[in-house]
Amino acid sequence: MPNTPVEVNVRIETGVPETSLDLPVITQGHFVQPETGPPRRADGTNGNENPLPGPTCTSALDDASRPPNVPFIWDGTYSLNLDDLEITKINGVERIVGQTFWSLWVNFKFANVGGGQLQIKKGDSVLWALIPQAFIGPGIETSWPMRESLILAAVPVSIPLKLKGPRFVPPNVEFVVTVINGSDRSPVRHAIVRYGAVESMTDKYGMATVTLPVGNHTLKARRDDDIASNALEINAE
C-alpha cells in the first residue's frame, strides 16, 4: 500500500453529543504529535505490522485534529513493545483506567491492532469510540491496546450501531428506518432514534417509524452503553 493521501471518514463518539465528531479527512502515514510526549510513528510499519508505510487510523485521527478542521486535543501512551500509541484522550475526553477505553473500529469492525499499525484505504470509515471496559480472564487473545496485559484481557461490551434509511422522504408521512449491529448486521431492538426533540424506539426487527416535517433533518440512534450510530441525513420535501 503506497503512502499516498486518501480521504476517509473519521467519527469520534465520546458518549456526549457536544464532543462527538463526524468529518471527512485526508490523511497519509506520518509522525503524529500527541498532547504529551514526542512525535510517534503512525504509518503502519510500527512493530513491523506492515512492510511499507501507508495511511493509518492514528494518522487520520491526528489530521482530523488539525486545521482546516476545528482543532481538538488527543493524547496517547506509547508502548515500546508494540511501537504504537494507546489512545487515552480524544477531543478532551479521557478514558478512565479500568472502566473505559478508546475502542477502534474500521468499517464497523473491531480493530485487533493499534491505530498506528492499522492501515486504511480510500473511503474507509474510522470510528474511535469511548466504551466500557470488560475483563473476561487470562489467556484470551484480543485487541491492542489491552493485549499487553498478562493478567486480564479486555473485549468490547458495546456494539457499533448503524442507522439506515432513505435520504429523501415526503413530509409528514410515516416511513421506516432500521438500526443494526454494524459488525454482524443483526437487527437491534430497543434503540432510540432521535430527530430533534422527537424519538422513536426500534422493534425486534430493528425498525422504527418516523415522521418528519418539511426540511433537512439529522437522525441518530442510541442504546444504553452501545456506540451511537452514524448520522443519517434526510431531506423531507
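Numbering of residues begins at 1 and proceeds along the displayed sequence.
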**OP:** Show your reasoning for whether side chain to side chain contact (heavy atoms under 4.5 Å, CB included) applies to Thr211 and Tyr195.
**Re:** CA-CA 10 Å; Thr211 304; Tyr195 42 104; 5.5 Å; no
Subject >> Carboxylate-amine/guanidinium contact Glu7 Lys122, below 4.0 Å >> reply: no
Original post:
Under 3.5 Å, side chain of Glu35 to main-chain N/O of Lys89, donor-acceptor pair present?
Top reply: no
Original post:
Is it true that the side chains of Asp22 and Asn230 contain a donor and an acceptor less than 3.5 Å apart?
Top reply: no
**OP:** Give a yes or no answer on whether the side chain of Asn181 reaches the backbone of Ser186 with a donor-acceptor pair at less than 3.5 Å.
**Re:** no
Original post:
Would Ile73 and Leu23 show up in the same hydrophobic cluster when neighbours are defined by side-chain heavy atoms closer than 4.5 Å?
Top reply: no
Subject >> Non-neighbouring partners of Trp128 that pass ring-ring contact (aromatic ring centres under 6.0 Å, His included), sequence neighbours left out >> reply: none
Original post:
With no hydrogens and no angle check, do the side chains of Asp83 and Tyr78 hold a donor and an acceptor under 3.5 Å apart?
Top reply: yes
**OP:** Decide whether Thr77 and Thr88 meet the rule of one side-chain donor and one side-chain acceptor closer than 3.5 Å.
**Re:** no
**OP:** Tell me, yes or no, whether the heavy-atom count around Asn172 atom CG, taken from other residues, nucleotides or ligands under 6.0 Å, exceeds 12.
**Re:** yes
**OP:** Could I get the full list of side chain to side chain donor-acceptor pair (under 3.5 Å) partners for Thr36, not counting sequence neighbours?
**Re:** Asp75
Original post:
Can a donor-acceptor pair be found between the side chains of His190 and Asp203 at a distance below 3.5 Å?
Top reply: no
Original post:
Are the side chain of Gln117 and the backbone N or O of Gly114 linked by a donor-acceptor pair below 3.5 Å?
Top reply: yes
Original post:
Judged by modelled atom types alone, do Thr218 and Glu233 share a side-chain donor-acceptor pair under 3.5 Å?
Top reply: yes
Subject >> Side-chain donor-acceptor pair present, Asn91, Trp74, cut-off under 3.5 Å >> reply: no
Original post:
Does Asp124 reach the main-chain N or O of Val8 with its side chain, forming a donor-acceptor pair under 3.5 Å?
Top reply: no
Subject >> Side chain proximity check, Val177 to Leu163, heavy atoms < 4.5 angstrom >> reply: yes
Original post:
Taking NZ, NE, NH1 and NH2 as the nitrogens, is one of them in Arg66 or Asp62 under 4.0 Å from a carboxylate oxygen of the other?
Top reply: yes
Original post:
Is the backbone of Thr14 close enough, under 3.5 Å, to the side chain of Ser20 for a donor and an acceptor to pair up by distance?
Top reply: yes
**OP:** Output yes when a side-chain donor or acceptor of Thr202 lies under 3.5 Å from a complementary backbone atom of Ala191, and no otherwise.
**Re:** yes
Subject >> Ser229 side-chain N/O to Ala221 backbone N/O, donor-acceptor pair under 3.5 Å >> reply: yes
**OP:** Answer yes when Glu13 and Lys220 have at least one side-chain N-carboxylate O distance shorter than 4.0 Å, and no when they do not.
**Re:** yes
Original post:
Just how far is it from atom CG of Leu85 to atom OG1 of Thr58, taken to the nearest 0.5 Å?
Top reply: 6.5 Å
Original post:
Are Trp105 and Val179 linked, directly or through other ILVMFWY residues, by side chains that come within less than 4.5 angstrom of each other?
Top reply: no
**OP:** Compute whether any side-chain donor of one residue and acceptor of the other, for Thr45 and Asp43, lie under 3.5 angstrom apart.
**Re:** yes
